[in-house]
Each structure stands twice: as structure tokens, then as C-alpha cells.
Chemist: 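My structure is below; once you've seen it, I'll send some questions.
Only heavy atoms go into these numbers, but all of them, side chains included; no hydrogens, no water, no symmetry mates.
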Amino acid sequence: MAGHSKFKNIMHRKGAQDKKRSNLFSKLSREITVAAKMGTPDPDMNPRLRLAVNTAKAQSMPKDNIQRAIDKASAADGENYEEVRYEGYGPGGSAIIVEALTDNRNRTATAVRTAFSKNGGNLGTEGSVQHGFERRGLIEYPASAGDEETVLMAAMEAGADDIESSEDGHTIWTEPEALHQVATDMEKALGEAENVKLAWKPNITVDMDEKAAGTLLKLVDALDDDDDVQTVWGNYEISDEIMEKLEA
């Protein structure tokens, strides 16, 4: 089950993204509101809402903000968001899946298409790259949660499918429908996770050279800057050496 994790690299520079706190909180609030609207506003009775709230807590989102987002779901004049997925090709033969929550499909589609076209990519049709990914449950713990064996045992006992450990932390994979239960059981053993969400896990990754990586990261940043875009997934792999050069 264990292995070296490069998934943080695939998810792009999370630290760089997290500096945009207001943008991040806006996206988290939107997911909480949608989750609360789709089910009960009680996180204990609504697995998707619980995941959204836990993710928000992991990003140090204030409790008042979280409660406001939940309350917004029952407001008569609240926005109506719908889930939209876009698929396309990035530089270097990479495949990208973009998940969005929007109240205006035309606006979001135009923004996503523009981001792809301006940064060496092409927006494809629905299903064009999805076949290269698996829908999986993703749980992340920092390295401080325990050593590899401790986390591995907790993951196995909770019913997880796979775990990848590195000096950066631990990545645990589950079946999509088991994510909520596995996360709940692991929380009892290891405390609150750093990240819990449904993910698109690439079946095969593509190595990026420095030029392609530079353009690709501009594409991911452009997508990430859009308020409607919730998550960007890719099958690209960027070496630590190239990443250090690009961030220098």
C-alpha cells in the first residue's frame, strides 16, 4: 500500500495558492453552501457538508464564515450554483480536469476557455480526458501525524485502499463512496486530516520539461484565480529540480 507521494506536485503549488486567502475562503464558502443546500445543513448528517467544513477548518477558515456559508443555503434569495466540469489539454501533452461551481455557465465557460487558449492549452469536450483519471477519495495528513507505519495501520483499519508517504506527508486513497467513513475512522486515530475531498487521480502521469512546466503553471494559476473554479486536477509531473528553478 505504501509508496512515495508526488501527488502534492500534481495538485500544483498548494502553498502559493493558499496565499490568496480571500479567494480561497470564497471557494470554500461556495462549496459549503452548495453541500448544505443539497442535503441537510447538519454536517453530522450530511457527508458532503462535513467534508467541506473539515476542509475549511484545515485552511483556518473562521467558524463565523463557515456558519454564514451554511446559513446562506436556506436563504430565500441565495445564489443557485451548479456543478460544472471542464476537460482539456495543457502544455507538454498534459491532461487537465477543472471542477467549478457557477451561477452563470456562459461566464465560467468563457473564462476557462480563455485561460486554456492563452496558456498553451486547448479546452476539450466533456469526456475527452476523463478516461485517463479515476474518481477517488483523497485524505491528506501532514508528516507530523505519525510515521509511515502508524498512518498505514490507521488507514488499513479504517478501510482505505492505498497510502503514499513522503517527507511532505501522507496521502490516503479510498473508494469514493467510502471517503466519509474512512476519514471519520482515521480522525479517531490520528486527529483531523489536513485535506479530505473527492479527487481525480491520474492513471498515468506525464513528465514536464522546464519550458512546458512554466507555461503549465501559468495555466493552472489562471484557472485557480477564477472565483468559479473550485479545483484543478492534472496528470502532469514536475521534478523538484524544475520546480525550484521556476520558483527562484
Chemist: At what distance, to the nearest 0.5 angstrom, does CD of Glu126 lie from CD1 of Ile97?
Modeler: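 Result: 10.5 Å between the selected atoms.
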Chemist: For the CD atom of Glu82 and the CG atom of Asn104, what is their distance to the nearest 0.5 Å?
Modeler: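 Glu82 atom CD to Asn104 atom CG measures 9.0 Å (nearest 0.5 Å).
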Chemist: Under 4.5 Å between side-chain heavy atoms, counting indirect links through other Ile/Leu/Val/Met/Phe/Trp/Tyr residues: same cluster for Met38 and Leu101 or not?
Modeler: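 Cluster IDs for Met38 and Leu101 match.
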Chemist: Looking at every heavy atom in both Ala160 and Ile172, which two are closest together, and how far apart are they?
Modeler: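 Heavy atoms of Ala160 and Ile172 come nearest at CB-CG2, 3.4 Å.
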Chemist: In terms of hydrophobic clustering (I, L, V, M, F, W, Y; side-chain heavy atoms under 4.5 Å; direct or indirect links), are Val206 and Val98 co-clustered?
Modeler: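 Yes, Val206 connects to Val98 through the hydrophobic network.
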Chemist: Check side-chain contact (heavy atoms from CB on, under 4.5 Å) between Tyr89 and all other residues, then give those that pass, not counting sequence neighbours.
Modeler: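 In terms of side-chain contact (heavy atoms from CB on, under 4.5 Å), with neighbours along the sequence ignored, Tyr89 is linked to Ser128, Val129.
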Chemist: Return yes if some donor-acceptor pair links the side-chain N/O of Asn119 with the main-chain N/O of Ala115 below 3.5 Å, else return no.
Modeler: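 Answer holds: yes.
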Chemist: Output yes when Lys57 and Glu187 qualify as a salt bridge under the 4.0 Å nitrogen-oxygen rule, no when they do not.
Modeler: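 No.
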Chemist: Within a strict 4.5 Å, meaning less than it, do heavy atoms of the Trp173 and Leu138 side chains meet?
Modeler: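 Contact flag for Trp173/Leu138 side chains = yes.
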Chemist: Could you walk me through whether Asp227 and Asn23 pass the side-chain hydrogen bond (donor to acceptor under 3.5 Å, both in side chains) test, one step at a time?
Modeler: CA-CA 7 Å; Asp227 286 344; Asn23 181 278; 3.1 Å; yes
Chemist: What is the distance from atom OG1 of Thr125 to atom OH of Tyr86, rounded to the nearest 0.5 Å?
Modeler: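 Atom-to-atom, Thr125:OG1 and Tyr86:OH are 13.5 Å apart.
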Chemist: Nearest 0.5 Å, please: how far is CG in Leu219 from CG in Asp224?
Modeler: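 So the CG of Asp224 and the CG of Leu219 are separated by 10.5 Å.
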Chemist: If you take all heavy atoms of Thr55 and Val196, which pair is closest and at what distance?
Modeler: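 Shortest heavy-atom separation between Thr55 and Val196 comes out as OG1-O, 3.2 Å.
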Chemist: Do Glu31 and Arg48 sit within salt-bridge range, that is, some charged N less than 4.0 Å from a carboxylate O?
Modeler: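 Answer for the salt bridge query: yes.
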Chemist: Please report the closest heavy-atom contact between Glu87 and Gln130, naming both atoms and the distance.
Modeler: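 Shortest heavy-atom contact: OE1-N, 2.8 Å.
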Chemist: Do Asp162 and Arg136 meet the salt-bridge criterion of a basic N to acidic O distance under 4.0 Å?
Modeler: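 Looking at Asp162 together with Arg136, the answer is no, because their closest N to O distance does not fall below 4.0 Å.
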Chemist: How about Phe25 and Pro62: do any of their side-chain heavy atoms sit closer than 4.5 Å?
Modeler: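 SC-SC contact between Phe25 and Pro62 confirmed.
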Chemist: For Ala193, is there any backbone N or O sitting under 3.5 Å from a side-chain donor or acceptor partner on Glu140?
Modeler: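 Answer holds: no.
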Chemist: Please confirm whether the backbone N or O of Leu51 pairs with a side-chain atom of Lys197, one donor and one acceptor, at under 3.5 Å?
Modeler: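 Side chain of Lys197 to backbone of Leu51, a donor-acceptor pair under 3.5 Å: no, none is there.
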Chemist: Sequence neighbours excluded, which residues qualify as salt bridge (charged side-chain N to carboxylate O under 4.0 Å, His left out) partners of Arg30?
Modeler: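 Applying salt bridge (charged side-chain N to carboxylate O under 4.0 Å, His left out) to Arg30 gives Asp228.
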Chemist: Taking His180 for the side chain and Arg50 for the main chain, is one N or O donor matched with an acceptor at less than 3.5 Å?
Modeler: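 Side chain of His180 to backbone of Arg50: no pair is present.
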Chemist: Nearest heavy-atom pair of Met61 and Ser29: which atoms, and what distance?
Modeler: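 That closest heavy-atom pairing would be CE-OG, 3.0 Å.
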Chemist: What is the distance from atom CD of Glu194 to atom CD of Gln59, rounded to the nearest 0.5 Å?
Modeler: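 The distance works out to 7.5 Å.
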Chemist: Do any N or O atoms from the side chain of Tyr141 and from the backbone of Gly191 form a donor-acceptor pair under 3.5 angstrom?
Modeler: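 Flag set: sc Tyr141 to bb Gly191 pair under 3.5 Å.
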Chemist: Residues in side-chain contact (heavy atoms from CB on, under 4.5 Å) with Arg135, at least two apart?
Modeler: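 Glu99, Pro176, Leu198, Trp200.
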Chemist: State plainly whether one hydrophobic cluster holds both Leu28 and Val34, where clusters connect Ile, Leu, Val, Met, Phe, Trp and Tyr through side-chain heavy atoms under 4.5 angstrom apart.
Modeler: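 Not linked; separate clusters.
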Chemist: What's the shortest heavy-atom distance between Ser94 and Met208, and which atoms?
Modeler: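 Looking at all heavy atoms of both residues, the shortest contact is CB-CE, 4.0 Å.
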Chemist: Do other residues, nucleotides or ligands put more than 12 heavy atoms under 6.0 Å from the CD atom of Glu149?
Modeler: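 At most 12 heavy atoms, drawn from other residues, nucleotides or ligands, come within 6.0 Å of this atom.
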Chemist: Are any side-chain N or O atoms of Asn46 and backbone N or O atoms of Ala35, one a donor and one an acceptor, separated by less than 3.5 Å?
Modeler: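 Yes; judged by distance alone, with no hydrogens or angles, the pair exists.
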Chemist: Quick check: closest heavy atoms across Ala213 and Ile242, and the distance to 0.1 Å?
Modeler: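 Taking every non-hydrogen atom into account, CB-CG2, 4.0 Å.
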